[in-house]
Student: 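After the structure tokens below, expect a handful of questions from me.
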Amino acid sequence: MRAQSAKGPGAPRPAEPPQSPKGTHDILWPESVRWERLIGTFASLSERAAYGLIQSPLFEYAEVFRRGIGEGSEVVGKEMYEFADRDGKMLALRPEGTASVVRAYVQHRPPLPWKAWYVTPAFRHENPQGLRYRQHHQVGVEALGASDPDLDVEVISIADDFFVALGLRRYELKINSMGDEVCRPAYVELLRSVLLERRAELCDEHWERLEANPLRVLDCKRAACREATTDVPRLVDSLCEPCATHFSRVREGLAALEIEAVLDHRLVRGFDYYSRTTFEFASAAITASQNGIGGGGRYDGLVEMLGGPATPGIGFGIGIERVLGACDAEGVFPLDTPALDAFVVDVAGGACARDLTAELRRAGLRADRAFDGRSMKAQMKLADRSGARVALIVGPDELAAGTVSLRPLRTASDQQIVALNDVIAVVAALREDER
RNA sequence: GUGGGCGUAGCUCAGGUGGUUAGAGCGCCAGGUUGUGGUCCUGGAGGCCGGGGGUUCGAGUCCCCUCGCUCACCCCA
């Protein structure tokens, strides 16, 4: 008998069930099957290009992100999960992938060029909305040690190949160059002076931005601001010779690989570490306002910022939730769950269910069974729902004869009697037939 | 951080202007079929109607507060 909590006036109130924190989600089976397949697809594409998996801690000393991403960025300034460790040192949950990977490079100094891929949660304290979470997940790559524009092309093509592999078609690749420490400061000054003349046309929130980071005014969505910045000088026209050459080589390379990229001179990404090439993939199928499915760029100064030797680098992050959202919107990358090879129905005491499922599994077959001595009808129902190809039925008759009744559940074939010794071979053969 | 919308069963949702014991579909469990699932029939379990306070003879319904979810702004994956 199960102990029932007494109901009535004196009964203690059951505690309210806890919920996952705001902006976080559980991914249950079978939805988790798509995650496994998505990550597996990304891993295989990255490893094909000689990127190796990196696992690094989910939290870092907060200064890794402060120095890397930038004190003035929105993410570090007001969204980072930051807390004091028990010994008082400030830690932070990773808000994005790149800074940790670069920190790991500086710490271990593997031979260059060094190419790594990752899959990781990322944490930002934002107000959640459609396809925006406090914990989201990214796959990504980082490549350090080469400033060759062909490396930019390689990195971008991995992302593009990944989207193609999933079946996505309705997305756009936007690309821009942020220049470098030679040409960008001059452009920023130029832009600031032009925008100061037009400050009356800009929305108020940009006024202080003009001082700190005039570039960010360019990506404002408001029509008035866009109007005021349409004929403003463009960063791509102010690049120094090396940056201009690099950028055109990148564009040539993408064209050679038949990857369509549109120049977006307003593309100004939010982390301070970017230089030269920046890019972003946006889904046209997602109706929610958050349609950026991936983005990245070159960060030639970042390794130095984190205390390493001058080392160029480039990478991207792709948001798993948003990519799956785009797949849903396009009706691609459907969920398909792998079938069980067999479900053992035992109405003769249960010993056979125990032993036969173990044998099937040791033989590399996928098998399940029912517990708690359920009725045959109930067990058959579970067998059906499990998606198994066949039910292996063992009752007193079979037990006495040393056989199993093999009942197909997905086809109209007849039920057959199989010797217990042959069951594994027969089930394995059925699996092969299916392929 | 700032606004709008919504909270009723495991899920999706009904419940005109307050009025007996709060409903449906799906799902779950059992039986019909004591050895056969998927169809069908019958029955059953499962609800502090998000929480608290107020108005009222009476609140799922009206008012206030609060929490949660959600969409949008900001920003980003």
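Protein chains get the first letters and strands the later ones, always in sequence-line order, with residue 1 at the start of each.
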Student: It should be established whether A/Q138 places a side-chain nitrogen or oxygen under 4.0 Å from OP1 or OP2 of nucleotide B/A77.
Tutor: no

Student: Distance check, P atoms only: B/G46 and B/A9, in whole angstrom units.
Tutor: 15 Å

Student: Check whether any side-chain N or O of A/S73 sits under 4.0 Å from OP1 or OP2 of B/C75, and answer yes or no.
Tutor: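 So the side chain of A/S73 is outside the cut-off, no N or O lying under 4.0 Å from OP1 or OP2 of B/C75.
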
Student: Work out how far the C1' atom of B/C74 is from that of B/G3, and round it to whole angstrom.
Tutor: 12 Å

Student: Within the pair A/R134 and B/C69, is there a side-chain N or O less than 4.0 Å away from OP1 or OP2?
Tutor: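 No.
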
Student: Is A/D384 side chain donor-acceptor paired with the B/G37 base, going by distance under 3.5 Å alone?
Tutor: yes

Student: With hydrogens left out and only the distance checked, is there a donor-acceptor pair under 3.5 Å joining A/R132's side chain and the base of B/C74?
Tutor: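 Yes.
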
Student: Of the listed nucleotides (B/C75, B/G38, B/A72), which one gets closest to any side-chain atom of A/K381?
Tutor: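 So the nucleotide nearest the side chain must be B/G38.
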
Student: Between A/R407 and B/G35, is there a side-chain N or O to OP1/OP2 distance below 4.0 Å?
Tutor: no

Student: If the plane angle is over 60° it's perpendicular, under 30° parallel, otherwise tilted; pick one for A/F316 and A/F279.
Tutor: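 Perpendicular.
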
Student: Please check the phosphate of B/C28 (OP1 and OP2 only) for any side-chain N or O of A/R385 closer than 4.0 Å.
Tutor: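 So the side-chain polar atoms of A/R385 do come within 4.0 Å of the phosphate oxygens OP1 or OP2 of B/C28, strictly under.
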
Student: Please check: side-chain N/O of A/E60 versus main-chain N/O of A/A62, any donor-acceptor pairing under 3.5 Å?
Tutor: no

Student: Can you give me every donor-acceptor pair (side chain of residues 162-169 of chain A, partner residue at least two apart or in another chain, under 3.5 Å) with its distance?
Tutor:
none

Student: Using Watson-Crick pairs (N1 to N3, plus N6-O4 or O6-N4) and G-U wobble pairs, both distances under 3.5 Å, which stems of at least 3 pairs involve RNA chain B?
Tutor: B:1-7 with B:67-73, B:10-13 with B:23-26, B:28-32 with B:40-44, B:50-54 with B:62-66

Student: Below the 4.0 Å mark, does B/C29 have OP1 or OP2 next to a side-chain nitrogen or oxygen of A/R374?
Tutor: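 Checking A/R374 against B/C29: at least one side-chain N or O falls below 4.0 Å of OP1 or OP2.
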
Student: Between B/C69 and A/K22, is there an OP1 or OP2 to side-chain N/O distance shorter than 4.0 Å?
Tutor: yes

Student: Taking the minimum atom-to-atom distance to the side chain of A/P396, which one of B/U70, B/G35, B/A77 wins?
Tutor: B/G35

Student: Determine whether a donor-acceptor pair (one donor, one acceptor, N or O, separation below 3.5 Å) exists between the side chain of A/Q290 and the base of B/C75.
Tutor: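 Flag set: donor-acceptor pair detected.
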
Student: Could you measure between the two P atoms, the one in B/G54 and the one in B/G7, and give it in whole Å?
Tutor: 24 Å

Student: Can you name the closest pair of heavy atoms from A/Y61 and A/L91 and give their distance?
Tutor: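 Looking at all heavy atoms of both residues, the closest pair is CD2-CD2, 3.5 Å.
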
Student: Once hydrogens and angles are ignored, does a donor-acceptor distance under 3.5 Å link the base of B/C75 to the side chain of A/Q129?
Tutor: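 By the distance-only test, no, there is no pair.
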
Student: OP1, OP2 of B/U36 versus side-chain N and O of A/Q379: anything below 4.0 Å?
Tutor: no

Student: What nitrogen or oxygen pairs link the protein and nucleotides 39-43 of chain B at under 3.5 Å?
Tutor:
none

Student: In whole Å, measure the gap between the C1' atoms of B/U12 and B/G37 for me.
Tutor: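 Nearest-Å result for B/U12 against B/G37 at atom C1': 26 Å.
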
Student: Tell me whether A/H136 and B/A77 count as stacked here, given that the ring centres must be under 5.5 Å apart and the planes must differ by less than 30 degrees.
Tutor: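 Taking the rule of under 5.5 Å and under 30°, the ring of A/H136 does stack on B/A77.
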
Student: Verify the contact: side-chain N or O of A/R410 to OP1 or OP2 of B/G37, cut-off strictly under 4.0 Å; return yes or no.
Tutor: no

Student: Check this for me: does any side-chain nitrogen of one of A/E321 and A/R132 sit under 4.0 Å from a carboxylate oxygen of the other?
Tutor: no

Student: Within the modelled atom types, does a donor on one side and an acceptor on the other bring the side chain of A/E398 and the base of B/G35 under 3.5 Å apart?
Tutor: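 By the distance-only test, yes, there is a pair.
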
Student: Give a yes or no on whether the backbone of A/A143 and the side-chain of A/Y51 come within a donor-acceptor separation of less than 3.5 Å.
Tutor: no

Student: Could you pull out every donor-acceptor pair under 3.5 Å between side chains of residues 391-406 of chain A and any protein atom, sequence neighbours left out?
Tutor:
unit_1, atom_1, unit_2, atom_2, d
A/E398, OE1, A/G395, N, 3.0
A/E398, OE2, A/S405, OG, 2.6

Student: Spell out protein contact along nucleotides 3-13 of chain B as letters: B when the base is contacted, S when just the sugar-phosphate is, - when no protein heavy atom is under 4.0 Å; keep the 5' to 3' order.
Tutor: -----------

Student: Donor-acceptor pairs are to be reported for all side-chain atoms of residues 366-376 of chain A against protein atoms at under 3.5 Å, with residues two or more places apart or in another chain.
Tutor:
unit_1, atom_1, unit_2, atom_2, d
A/R366, NH1, A/P338, O, 2.9
A/R366, NH1, A/A339, O, 3.1
A/S375, OG, A/A378, N, 3.1

Student: Considering only side-chain heavy atoms of A/S375, which listed nucleotide, B/U36, B/G31, B/A77, is closest?
Tutor: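 Closest of the options to the side chain of A/S375: B/G31.
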
Student: For A/R216 and A/V268, work out which heavy atoms get closest and say how close.
Tutor: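 For A/R216 and A/V268, the tightest heavy-atom pair comes out as NH1-O, 3.8 Å.
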
Student: Among the candidates B/C75, B/C29, B/G35, find the nucleotide nearest to the side-chain atoms of A/M376.
Tutor: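 Nearest to the side-chain atoms of A/M376, counting from C-beta on, is B/G35.
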
